[in-house]
Amino acid sequence: MNSLFRQFKVKVLALIALAMTVCLTAVSCSGGGSSEASASVSPEAAVDYVHTVLLADRTAYTKHVINRLKTLEGKEKPDGVVSAEATEAWQETNGVPLPAQMFRLGSEIASEETSAFTYGLISPWNINDNQAPKTEFEKKAMEEVVNTGEPYKDYQEIGGQQYYSAVYPDKAVAEACVTCHNNHPVHKERYPDKTFKMDDVMGGIIINLPIEES
C-alpha cells in the first residue's frame with residue numbers, strides 16, 4: 001500500500017516538473033525572455049495541473065477499486081467481484097481505505113516529501129472535523145463552489161506566508177461516495193436533511209501554493 005501512495009505522490013510532482021519544462025521549452029523555441037523568466041509557471045496553471053492529477057487518481061481509485069469490492073461499510077455490493085471491504089476502520093479490519101481516506105493518506109505523504117504545495121479536502125458537510133472550512137478564504141471559497149459548481153481561486157495569507165489557493169468542486173463520481181456519506185452515522189446526526197445524489201458537490205479539493213514575495 002505504501003508503494004501505491006509513493007507512486008501517487010511522485011506522479012503529482014512529476015506533472016509539475018513537466019509543466020515547468022513545457023513552459024521553458026515553449027519560451028526557448030520562441031527565442032524570447034530571460035532564462036529566469038522562462039522557467040516560471042503561473043500559480044493558476046500550477047494548481048490546475050495538480051488538481052487534474054489528484055482528481056484523476058481519486059476517480060480511478062473509486063471507480064476501479066472501491067466499486068469492484070464485494071463489501072462497502074458492512075453491506076454487500078451485488079456488483080462486487082473482489083472479496084474485500086472498503087471501510088473507515090480499514091486498519092483494524094484488514095480492509096481497504098475509503099476514497100477520502102486514501103486521498104488524505106496521499107496528502108500526508110506528499111507533505112513529508114515537499115513544501116512546494118499542500119492539498120486536502122474540505123466540506124461544509126464534513127464528517128471529520130479536520131476537514132471543516134476554517135479560514136475566511138476557505139469559508140468563502142466553499143460557499144462559492146457549492147453555489148456555482150466552479151473552482152474558486154485567490155491569494156490568502158496564513159501565518160504571515162502568502163499563498164495562491166484554489167478550491168475545486170469535489171463531486172460524487174460513484175454510487176459508493178453517495179451511499180457511504182448518506183449512511184454514515186455522523187452525517188445523519190449532523191446533517192439529517194442533506195441527502196447526496198450522483199454528481200452533487202460534496203465538498204472541495206483545496207490546493208495551497210506558497211508564493212515568494214519579490
Side chains of [X] and [Y]: does their closest heavy-atom pair fall under 4.5 Å?
{"X": "Gln156", "Y": "Thr135", "answer": "yes"}
{"X": "Leu98", "Y": "Trp90", "answer": "no"}
{"X": "Lys70", "Y": "Lys77", "answer": "no"}
{"X": "Gln131", "Y": "Ser123", "answer": "no"}
{"X": "Phe137", "Y": "Ile206", "answer": "yes"}
{"X": "Arg104", "Y": "Asn130", "answer": "no"}
{"X": "Leu55", "Y": "Tyr168", "answer": "no"}
{"X": "Lys153", "Y": "Asp48", "answer": "yes"}

Side-chain donor/acceptor of [X] to backbone N/O of [Y], under 3.5 Å:
{"X": "Glu189", "Y": "Pro185", "value": "no"}
{"X": "Tyr119", "Y": "Gly106", "value": "yes"}
{"X": "Glu88", "Y": "Glu73", "value": "no"}
{"X": "Ser111", "Y": "Glu108", "value": "yes"}

Can you give me the closest heavy-atom contact between [X] and [Y], atom names plus distance?
{"X": "Gln101", "Y": "Thr87", "value": "OE1-O, 3.5 Å"}
{"X": "Val47", "Y": "Ile207", "value": "O-CD1, 3.5 Å"}
{"X": "Asp200", "Y": "Thr195", "value": "OD2-O, 4.1 Å"}
{"X": "Thr62", "Y": "Cys177", "value": "CG2-SG, 3.8 Å"}
{"X": "Pro97", "Y": "Tyr61", "value": "O-OH, 2.7 Å"}
{"X": "Asp129", "Y": "Arg190", "value": "OD1-NH2, 2.7 Å"}

Can you measure from [atom1] ([X]) to [atom2] ([Y]) and round to the nearest 0.5 angstrom?
{"X": "Asn147", "Y": "Met142", "atom1": "CG", "atom2": "CE", "value": "9.5 Å"}
{"X": "Phe196", "Y": "Cys180", "atom1": "CZ", "atom2": "SG", "value": "11.5 Å"}
{"X": "Glu136", "Y": "Glu157", "atom1": "CD", "atom2": "CD", "value": "13.5 Å"}
{"X": "Asp79", "Y": "Leu69", "atom1": "CG", "atom2": "CG", "value": "10.0 Å"}
{"X": "Asn208", "Y": "Tyr163", "atom1": "CG", "atom2": "OH", "value": "7.0 Å"}
{"X": "Lys140", "Y": "Glu144", "atom1": "NZ", "atom2": "CD", "value": "6.5 Å"}

Please determine whether residues [X] and [Y] belong to a single hydrophobic cluster, defined as Ile, Leu, Val, Met, Phe, Trp and Tyr linked transitively by side-chain heavy-atom distances below 4.5 Å.
{"X": "Ile127", "Y": "Val178", "answer": "no"}
{"X": "Met202", "Y": "Val173", "answer": "no"}
{"X": "Ile205", "Y": "Phe117", "answer": "yes"}
{"X": "Val50", "Y": "Phe103", "answer": "yes"}
{"X": "Val201", "Y": "Met198", "answer": "yes"}

Flag if over 12 foreign heavy atoms under 6.0 Å of NZ, Lys134: yes
All pairs passing salt bridge (Lys or Arg N to Asp or Glu O under 4.0 Å) where residues 170-181 contributes a residue, at least two apart: Arg58-Asp170
Stepwise side-chain contact (heavy atoms from CB on, under 4.5 Å) test for Val96 and Ile66: CA-CA 8 Å; Val96 173; Ile66 300 298; 4.2 Å; yes
Whether Tyr191 and His187 hold their rings parallel, tilted or perpendicular, with breakpoints at 30° and 60°: tilted
Full working for side-chain contact (heavy atoms from CB on, under 4.5 Å) between Thr179 and Lys75: CA-CA 10 Å; Thr179 302; Lys75 295 184 178 180; 5.6 Å; no
